[in-house]
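Heads up, the thing below is written out as structure tokens.
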Amino acid sequence: MKKYNPKQIESKWQKYWEAKKVYNTKEAENNYMLLTEFPYPSGNLHIGHWYAFALPDILARYLRMTGKNVMYPIGFDAFGLPAENAAIKNNIHPETWTKKNITYMTKQLKSMGATFDWSREVQTIDPDYYKWTQWMFLKFYEKGWVYRAATKVNWCPNDKTVLANEQVVDGRCDRCDSEVIQKELTQWMFKITEFADDLAGGLKDLDWQETAKLGQLNWIGRSEGAKIKFKLTDIPGQKDGRHFVDAFTTRADTLFGVTAVVISPELAQKWIDVGWRASEEVKEYVKKSLTKRELERQETAEKTGIDAGIFAVNPINDEKIPVWVADYVLGHYGTGAVMFVPAHDQRDYEFAKKYSLLIKTVVEPVAIEKNLTNEAYVGPGILANSGKYNGVESEDAKKKITEELKLSGFGDFQRTYRLHDWVLSRQRYWGVPIPMVNCLKCGYQPAPEKDLPIKLPSLEDFKPADDGRSPLAKATKWLKVKCPKCEGEAERETDTMDTFVDSSWYFMRYTDPKNKKEFASKEKMAKWLPVPMYIGGAEHTTMHLLYARFFAKALQKLGHVDFLEPFIGRRNRGIILGPDHQKMSKSRGNVVDPDIEVKKYGADAVRMYLAFMGPYEQGGPWSPGGIIGVYRFLSRVWNVFNFAKDVVLPSAKNIVLHKTIKKIGEDIQNMRFNTGVSELMKLLNELESYQLPVSVQKTFLQLLAPFAPHMTEEVWINVMKNKNSIHLEKWPKYDPKLIIEEKVALVVQVNGKTRDVIKASGSLSEEEVRKLALASDKIKKHLVGKDVKKFIYVPGRLINLVI
RNA sequence: GCCGCCGUGGUGGAAUUUGGUAUACACGAUCGACUUAAAAUCGAUUGCCGCAAGGCAUGUCGGUUCAAAUCCGACCGGCGGCACCA
């Protein structure tokens with residue numbers, strides 16, 4: 001008998017499955033797309049990739065055995081910044097670098113023995129793919145869901161380039177170390193906020209972890225309040241310009257406590273731009289605040305501001321109040337202006353203390369719990385100093401005051417969102433070109449659909465252009481194009497798309513990856529979508545999942561898809577930490593290389609250990625010694641199943657077997673792979689010393705097959721001499737009758753402490769059980785000289801005697 | 001600061017869904033078998049105190065309950081997300 005040697009069997013079966021196309025999917029009756037987030041081709045597979053792909057593969061294999069037609073797709077999210085960095089560093093073209101990585105990682109992925117359907121592989125850098133990314137952009141543009149607006153970007157004055165947040169280290173450029181400044185740039189935006197309500201409302205019925213739903217809700221950040229109009233007085237030099245300012249508040253009930261209006265530097269700048277003749281000090285302050293980086297503005301706890309020198313009128317009581325400009329008011333949230341209520345808002349309170357502004361209490365707490373010194377009272381209460389609203393409860397007052405303002409035209413109910421529109425432009429080379437044309441006469445025009453895909457030109461030099469424009473500005477030949485409207489001279493847009501755009505619809509392409517006429521046919525999508533289960537990282541809870549949901553909703557409104565939600569089920573997996581319980585990183589030297597582990601123990605052991613180490617949704621530390629346990633288990637199985645015996649299993653063991661079949665199935669479905677593995681180990685411990693009938697050996701192998709696909713296949717075909725792959729077998733059925741035991745173990749407690757365990761039939765009456773319990777010597781000992789005051793009987797579980 | 005999650009042996013973890021035998025399964029450790037020896041393998045022991053009977057243990061303190069790792073409250077510690085959102 002040969003020793004278990006994974007090296008000798010694993011690649012053999014991988015080739016066999018590929019040759020037989022075992023995992024290539026066609027549409028059938030019980031279609032099930034098990035989706036995982038497609039990888040970025042970084043160049044090397046790490047243990048996290050195994051966790052991300054090899055574990056869901058256990059579920060994929062299980063579902064297939066239970067009769068589902070499972071598609072387990074794979075692809076590459078292949079545009080992005082690292083390719084450009086590698087290109088600049090190693091003088092290699094981003095495309096060459098990326099494609100090389102894809103080839104290598106494909107090889108590595110195949111070493112997992114997963115059931116990927118490579119025939120449906122999708123790559124976002126494929127022009128046949130990004131043609132449709134561009135097409136969707138154009139469709140959204142037609143609908144008015146794409147627009148241009150000025151936003152702030154991180155700008156390196158030395159490299160003359162836009163930096164991503166992760167390229168800014170301590171306020172400095174990570175390449176040249178010069179100080180990063182904030183620069184306004186006009187960028188392409190997706191109007192995702194128009195879908196904010198749908199995105200928030202649609203979460204309700206989804207089978208997602210509550211934390212993920214909550215994460216999205218917080219990110220969308222819907223907030224119900226009121227918009228209140230303040231008339232402005234004394235604006236020198238302005239006749240018909242800005243006479244009003246709107247402020248968003250969730251506390252309309254505190255309107256009588258307003259002692260100022262505070263506007264953001266951004267709003268002040270807008271006023272200056274339309275002719276507000278502010279004092280030099282104010283202009284100076286606005287200028288200074290705006291050049292401060294947003295981060296810096298938030299990090300300094302100290303609020304600063306300046307009296308704008310003008311006045312506003314409180315619409316509820318016509319009080320004249322000052323207007324201030326302050327940097328703690330955000331330009332991009334609400335209306336960029338707030339009504340200043342220092343008595344009932346902590347930030348306003350701190351500001352009032354610093355600049356000696358009036359504090360006016362208008363809400364009294366119902367019960368004073370603590371002494372409020374140096375802080376605002378932000379809770380609900382009863383209104384005071386509020387004219388006719390005195391005595392009204394604050395929640396009620398919000399409504400009544402807003403309604404009064406609505407009548408006079410000075411306010412209305414308003415909803416605001418934290419969610420910003422999605423800035424999709426990137427000033428980068430390695431991305432999907434935005435299909436727009438800039439004509440001097442006609443302005444921006446959409447590229448004609450027949451020109452798609454607008455292919456990314458092959459550049460020699462993909463550093464940003466000298467004027468700071470995107471690298472594509474250097475592709476002079478590519479750049480020149482006729483205006484689709486006036487036929488005059490025009491230029492292509494040089495920005496490329498955020499890679500999150502590419503990944504917002506890739507799962508749809510899996511259903512119809514070769515389609516030349518559409519991004520995917522409606523019929524094929526209907527067969528597979530929406531995705532019943534999507535497994536991925538928690539880091540994608542807000543951005544990727546929200547963007548993909550936005551795409552689905554937008555495409556649905558355009559009539560191209562039939563579902564409102566793309567992902568019915570969603571589970572976030574945990575993170576594999578290094579043996580030192582820290583995040584794996586090269587600098588810590590705690591990185592686990594899966595290739596090395598596979599060489600030592602085989603792919604089956606690596607898969608199974610990852611499954612065994614802890615709950616999938618939790619992740620945890622990789623312990624180098626732990627995998628040996630799984631390897632030993634596989635070796636034991638190998639030895640037990642190398643010769644077949646023709647005997648009968650004792651019925652007690654048969655009951656254990658059937659219970660285990662049930663439990664493992666449930667564990668896999670719930671992604672409790674860790675307890676599933678331990679059940680298999682228990683079962684082996686239970687059966688190992690017995691002579692096993694062939695049927696039991698088969699069942700055991702079938703239960704193990706999703707976890708250890710290679711080894712089970714080897715035994716199945718070469719030892720047990722079966723003709724077809726074990727992975728085409730049906731999942732074993734358990735006999736429900738066998739699982740219900742005649743006699744149950746009944747725990748007998750005295751005062752809640754377990755004193756004995758008696759075997760009894762589950763159908764006994766309370767009186768009969770009582771007799772049994774009191775007859776036990778172990779129990780009698782504890783009852784000497786005491787009365788049983790209470791007798792608790794939980795049928796099938798326990799008896800508790802209270803004395 | 002706000003929101004969320006978590007805290008169980010020397011270690012990873014099980015039992016939390018449904019309050020009902022806490023520590024399954026595995027690693028490690030100790031002892032033993034086999035071996036010239038080692039590795040591998042196999043067997044035994046392994047929460048703490050105790051010879052035992054028994055007692056004590058799920059971050060800490062309190063509560064609900066016949067019964068709490070599980071539910072509730074406060075605190076301590078760790079992790080993740082957001083970060084002046086009016």
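Keep in mind that the numbers below use all heavy atoms, side chains included, and drop hydrogens, waters and symmetry copies. Letters A, B, ... mirror the listed sequences (proteins, then strands); counts begin at 1.
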query = For the rings on Phe340(A) and Trp324(A), is their centre-to-centre separation under 6.0 Å?
reply = no
remark   = Checking N1-N3 plus N6-O4 or O6-N4 for Watson-Crick, or N1-O2 and O6-N3 for wobble, each under 3.5 Å, the partner of G80(B) is C3(B)
key: Stacked cation flag Arg770(A) on Phe791(A), 6.0 angstrom / 45 deg   = yes
task = Classify the ring geometry between Tyr328(A) and Phe351(A) as parallel (under 30°), tilted (30 to 60°) or perpendicular (over 60°).
result = tilted
Residue-phosphate contact under 4.0 Å: Arg632(A) side-chain N/O, U41(B) OP1/OP2 = yes
ask   = Should G9(B) be called syn or anti, with syn set as within 90° of 0?
value = syn
Atom pair distance, as rounded to whole Å: CD1 in Ile664(A) and C1' in A24(B) = 14 Å
request  = Could you tell me whether the phosphate oxygens of A24(B), OP1 or OP2, come under 4.0 Å of any side-chain nitrogen or oxygen in Lys663(A)?
outcome  = no
ask   = If you measure from the P atom in G7(B) to the same atom in U58(B), how many Å do you get, rounded?
value = 13 Å
query = Rounded to the nearest Å, what distance is computed from the CZ atom of residue Phe707(A) to the C1' atom of nucleotide A26(B)?
reply = 15 Å
note = Atom NZ of Lys353(A) and atom P of C84(B) are separated, to the nearest Å, by 24 Å
inquiry  = Quick check for you: among A86(B), G55(B), C66(B), whose closest atom lies nearest to any side-chain atom of Asn800(A)?
reply    = C66(B)
key: Separation between the C1' atoms of G47(B) and A24(B), rounded to whole Å   = 14 Å
query = Within the modelled atom types, does a donor on one side and an acceptor on the other bring the side chain of Lys303(A) and the base of C84(B) under 3.5 Å apart?
reply = yes
key: Whole angstrom value for the distance that separates C1' of C84(B) from CD1 of Ile263(A)   = 17 Å
Nucleotide of C66(B), A26(B), A86(B) approaching Asn685(A) most closely (side-chain heavy atoms) = A26(B)
Distance, P atom - from C48(B) to C66(B), rounded to whole angstrom = 34 Å
query = Quick one: which of C84(B), A24(B), G13(B) gets closest to the side chain of Ser678(A)?
reply = A24(B)
key: Strand partner of G43(B), provided both Watson-Crick or wobble distances fall under 3.5 Å   = C31(B)
inquiry  = Output the rounded distance in Å from CG (Leu798(A)) to P (U18(B)).
reply    = 18 Å
ask   = If only side-chain N and O atoms of Lys682(A) are considered, is one of them under 4.0 Å from the OP1 or OP2 phosphate oxygen of C25(B)?
value = no
Residue mapping more 5' on RNA chain B - nearest nucleotide basis, Gly221(A) or Lys583(A) = Lys583(A)
request  = Identify the nucleotide, in any strand shown, that forms a Watson-Crick or G-U wobble pair with A26(B), with both distances under 3.5 Å; if there is none, say none.
outcome  = U11(B)
request  = Kindly confirm or rule out a cation-pi arrangement of Lys229(A) over Phe244(A), judged by NZ or CZ under 6.0 Å from the six-membered ring centre and within 45° of its axis?
outcome  = yes
ask   = With sugar-phosphate meaning primed atoms plus P, OP1 and OP2, does Lys753(A) contact a base, only sugar-phosphate, or nothing at under 4.0 Å between heavy atoms?
value = sugar-phosphate
request  = Pick the C1' atom in U8(B) and in U60(B), then give their distance to the nearest Å.
outcome  = 15 Å
Atom P, compared across A74(B) and C5(B): separation rounded to whole Å = 14 Å
query = Looking for any heavy atom pair under 4.0 Å, which part of the strands does Gly625(A) touch: base, sugar-phosphate only, or nothing?
reply = sugar-phosphate
message = Below the 4.0 Å mark, does C85(B) have OP1 or OP2 next to a side-chain nitrogen or oxygen of Arg222(A)?
response = no
query = Heavy atoms, side chains only, cut-off 4.5 Å: are Ser585(A) and Val591(A) in contact?
reply = no
ask   = Could you walk me through whether Arg672(A) and Glu617(A) pass the salt bridge (charged side-chain N to carboxylate O under 4.0 Å, His left out) check?
value = CA-CA 9 Å; Arg672(A) 303 300 300 246; Glu617(A) 289 167 19; over 6 Å; no
inquiry  = Can you measure Tyr631(A) atom OH to U41(B) atom P for me and round it to whole angstrom units?
reply    = 9 Å
task = Please check the phosphate of A26(B) (OP1 and OP2 only) for any side-chain N or O of Asn674(A) closer than 4.0 Å.
result = no
query = Given atom OH of Tyr609(A) and atom C1' of G13(B), what is their separation to the nearest angstrom?
reply = 10 Å
inquiry  = Counting only side-chain nitrogens and oxygens, does Arg797(A) get under 4.0 Å of the OP1 or OP2 atom of U18(B)?
reply    = no
key: Contact check, side chains of Trp219(A) and Met543(A), non-hydrogen atoms, under 4.5 Å   = yes
Spacing between Leu634(A) atom CG and C25(B) atom C1', to the nearest angstrom = 15 Å
ask   = How far, in whole Å, is G54(B) from U70(B) if one measures between their P atoms?
value = 27 Å
inquiry  = Applying a 4.0 Å non-hydrogen cut-off, can you work out what Trp622(A) is touching in the nucleic acid: base, sugar-phosphate, or nothing?
reply    = nothing
ask   = Expressed as a whole number of Å, how far does the P atom of A38(B) sit from that of U21(B)?
value = 45 Å
task = Output the single nucleotide from A15(B), C85(B), U21(B) whose closest atom is nearest the side chain of Val747(A).
result = U21(B)
ask   = With side chains defined as the heavy atoms from C-beta onward, is the minimum distance between Val423(A) and Met189(A) less than 4.5 Å?
value = yes
request  = Tell me whether the centres of the aromatic rings in Tyr616(A) and Tyr51(A) are closer together than 6.0 Å.
outcome  = yes
key: Residue Pro615(A), side-chain heavy atoms: nucleotide from C3(B), G80(B), A14(B) that is nearest   = A14(B)
ask   = Picking from G20(B), C27(B), A26(B), which would you name as closest to the side chain of Ile628(A)?
value = C27(B)
note = Of the listed A22(B), A14(B), C3(B), the closest approach to the Thr754(A) side chain comes from A22(B)
ask   = Of all the choices, C85(B), G12(B), A14(B), which nucleotide is nearest to the side chain of Leu330(A) once you look at every atom?
value = C85(B)
request  = Provide the distance between the two P atoms, one in G77(B) and one in G32(B), to the nearest whole Å.
outcome  = 46 Å
query = If pairing requires Watson-Crick or G-U wobble contacts with both distances under 3.5 Å, which nucleotide is the partner of A86(B)?
reply = none
query = So which nucleotide does U65(B) pair with, by the Watson-Crick or G-U wobble rule with both distances under 3.5 Å?
reply = none
task = If A74(B) has a Watson-Crick or G-U wobble mate with both distances under 3.5 Å, name it; if not, just say none.
result = U60(B)
query = Are any of Gln618(A)'s side-chain N or O atoms less than 4.0 Å away from OP1 or OP2 of G12(B)?
reply = no
key: Side chain of Arg347(A) (C-beta onward), nearest among C82(B), A86(B), A26(B)   = A86(B)
ask   = Would one find a side-chain N or O of Tyr333(A) under 4.0 angstrom from OP1 or OP2 of A86(B)?
value = yes
task = Determine the contact category for His581(A): base if any of its heavy atoms lies under 4.0 Å from a base atom, sugar-phosphate if only primed atoms, P, OP1 or OP2 are that close, otherwise nothing.
result = sugar-phosphate
query = Would you say a side-chain N or O of Arg418(A) is under 4.0 Å from OP1 or OP2 of C2(B)?
reply = no
request  = Would you mind classifying the nucleic acid contact of Thr250(A) as base, sugar-phosphate or nothing, using non-hydrogen atoms under 4.0 angstrom?
outcome  = sugar-phosphate
Complement of A38(B), any strand, by Watson-Crick or G-U distances under 3.5 angstrom = none
Residue Arg636(A), side-chain heavy atoms: nucleotide from A26(B), C85(B), C27(B) that is nearest = A26(B)
ask   = Centres of the Tyr631(A) and Tyr609(A) rings: under 6.0 Å?
value = no
query = At under 4.0 Å between heavy atoms, what does Ile792(A) touch on the DNA or RNA strands: base, sugar-phosphate, or nothing?
reply = base
